[in-house]
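Beneath this line is the structure, given in structure tokens, with notes to follow.
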Amino acid sequence: MIESDVSLKKFNTFGIDVSSRLFSQAENEDHVRNVIQSNAFKTNTSLILGGGSNLLFTKNFDGIVLRNNIHGIEVIEDTKEHVLVKVGGGVVWHDFVLYCIKKGWHGVENLSLIPGNVGASPMQNIGAYGVEIKEVFYELEAIHLKTGEIHYFNNSACKFGYRESIFKNKLKGQYLISRVIYKLSKRANFNISYGAIEKQLETMGIKELSAKSISDAVIAIRQSKLPDPKKIGNSGSFFKNPVVTKSSYDIIRSNFPDVVAYPVGKDLIKLAAGWLIEKAGWKGKTFGNYGVHKNQALVLVNYGGASGREIYDLSEEILDSIKEKFGVQLEREVNIY
Ligand code: EPU
């Protein structure tokens, strides 16, 4: 059940060619428990892997990788208004989105085509085009890696924030998220507040809103801006959009009047990191077989054969240059191993 020296190339969307000294792929909860109670797991550094779409390997993993491959989609409550649906952590996120659209359930259409698996969706509160997972999240089941017990976390227990949850912070490395329960509405309540969606619907000539039409618009936007990880290795946004105080923003704006920014609560402003990186001259820059994507400067790409170290070093250079030019400290969104 535990294999040795397994290539992780096909298990990370950056397509970095590293291997793990030990590796196991869990199909169900019992499988997880067997692995975590093994000597190999107890005596080695461990990494729980989902779709591998939010990490960068900079070296071989000298420990055990446990990949969550738990499947299944099960309706556990069905009313006139909503459904509660329990989904295995190993289900591919976009497959689940398409399933919901087919069933007539609303809430995840704006999150179409986000790479990765269901288990990671609450981990970093995935979000796109005006919607975050916390809006449809009901509860999750997670296996405690020390005891093997299943613990339940409701929405407030997850402490969701922008690309944040308790599983990236206080409880980091302590759980495998085995199943997630979402609450989806049977009534349409569309969110097209994000300008790009409305524009895209117009371009596509779509007059009647539906979960399907919004999903189609989101897919079209993503395909036009973001590289397909099946073709070009990447992990989506490599950096988070930084949040700065109003006074820092005012200074930046006085030097760069076209800075792209959104207010987020009292006295705080979120800056578009993609804009900062583009303005600093990085967009589309290519160094051999890696670089900064030409359509979205937040995305670093591996054109094939780059090492994680090279991409990491590029991200360091970008961090330094943004700090120097704008006085803003960017943070990485991807996890580095
Ligand atoms: N912009 C630029 N240059 C760029 C990229 C963006 O000037 O190269 C400016 C544009 O003016 C644009 C603004 O930044 O109006 C926002 O760009 P975009 O709509 O592409 O969104 P983003 O803030 O760059 C975030 C998420 C994406 C998500 C989109 C859409 C983060 C770190 N990224 O990007 O998420 O798809 O919004 O909601 O929050 C991901 O997390 O992996 C990801 C792709």
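Atoms within a ligand are numbered from 1 in the order they appear, just like the ligands themselves.
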At under 4.0 Å between heavy atoms, is it the side chain or the backbone of E278 that contacts ligand 1, or both, or neither?
side chain
Atom 34 (O) of ligand 1: the protein heavy-atom neighbour that sits closest, reported with distance to 0.1 Å:
L298 CD1, 3.9 Å
Nearest non-hydrogen partners of S213 and E208, listed with the distance
OG-O, 3.3 Å
For K168, is the NZ atom crowded, meaning more than 12 foreign heavy atoms sit under 6.0 Å from it?
yes
Looking only at heavy atoms of R163, does any of them come nearer than 4.0 Å to an atom of ligand 1?
yes
Exercise: identify the closest heavy-atom pair between G173 and L145
O-CD1, 3.4 Å
Just to be sure I'm reading this right: ignoring hydrogens, which of Y129, Y262, F238 gets closest to atom 16 (C) of ligand 1? Compare them by their nearest heavy atoms.
Y262
Kindly confirm or rule out a cation-pi arrangement of K172 over F167, judged by NZ or CZ under 6.0 Å from the six-membered ring centre and within 45° of its axis?
no
Answer with yes or no whether the side chains of H31 and E29 bring together a donor and an acceptor at under 3.5 Å.
no
Near A272, which atoms of ligand 1 are under 4.0 Å from a heavy atom of that residue?
13 (C), 14 (O)
Shortest protein heavy-atom distance from atom 17 (O) of ligand 1, along with the residue and atom involved:
K225 NZ, 4.2 Å
Run the ring-centre check on Y290 versus Y303 and record whether the distance is less than 6.0 Å.
no
Relative to ligand 1, is K279 under 4.0 angstrom through side chain, backbone, both or neither, heavy atoms considered?
neither
Less than 4.0 Å between atom 10 (C) of ligand 1 and some protein heavy atom, yes or no?
no
Pair F57-F14, ring pair (Phe, Tyr, Trp, His ring centres under 6.0 Å): steps then yes or no:
CA-CA 9 Å; F57 288 113; F14 248 122; over 10 Å; no
Which one of D62, L8, N60 satisfies the side chain to side chain contact (heavy atoms under 4.5 Å, CB included) criterion with S19?
N60
Of all protein heavy atoms, the one nearest atom 23 (O) of ligand 1 is N241 ND2, 2.8 Å
Give the atom numbers and elements of ligand 1 that come within less than 4.0 Å of a heavy atom of Y162.
31 (C), 32 (C), 39 (O)
Polar contact flag, side-chain donor to acceptor under 3.5 angstrom, E139-N154:
no
Looking only at the side chains, is there a donor atom on one of W282 and S321 sitting less than 3.5 Å from an acceptor on the other?
yes
What atoms of ligand 1 come closer than 4.0 angstrom to any heavy atom of K283?
3 (N), 4 (C), 8 (O)
Option nearest atom 8 (O) of ligand 1 (shortest heavy-atom distance, choices P242, A261, A297, G116):
A297
Any heavy atom of R222 closer to ligand 1 than 4.0 angstrom?
yes
Any chance the rings of F326 and F256 have centres within less than 6.0 Å?
yes
When only distance counts, is G130 in polar contact with ligand 1, meaning an N/O pair under 3.5 Å?
no
Is ligand 1 under 4.0 Å from a heavy atom in the side chain of F239, in the backbone, in both, or in neither?
backbone
Just by distance, no angles: are the side chains of N44 and R21 close enough, under 3.5 Å, to form a donor-acceptor pair?
yes
Among all protein heavy atoms, pick out the one at the shortest distance from atom 24 (O) of ligand 1; state its residue, atom name and that distance to 0.1 Å.
Q296 NE2, 2.9 Å
Which protein heavy atom lies closest to atom 37 (O) of ligand 1, and at what distance to 0.1 Å?
Y194 OH, 3.7 Å
Nearest neighbour of atom 33 (N) of ligand 1 from the list S237, G195, G236, A128, on a heavy-atom basis
S237
Close-contact set for ligand 1 against W275 heavy atoms, below 4.0 Å
1 (N), 2 (C), 3 (N), 7 (O)
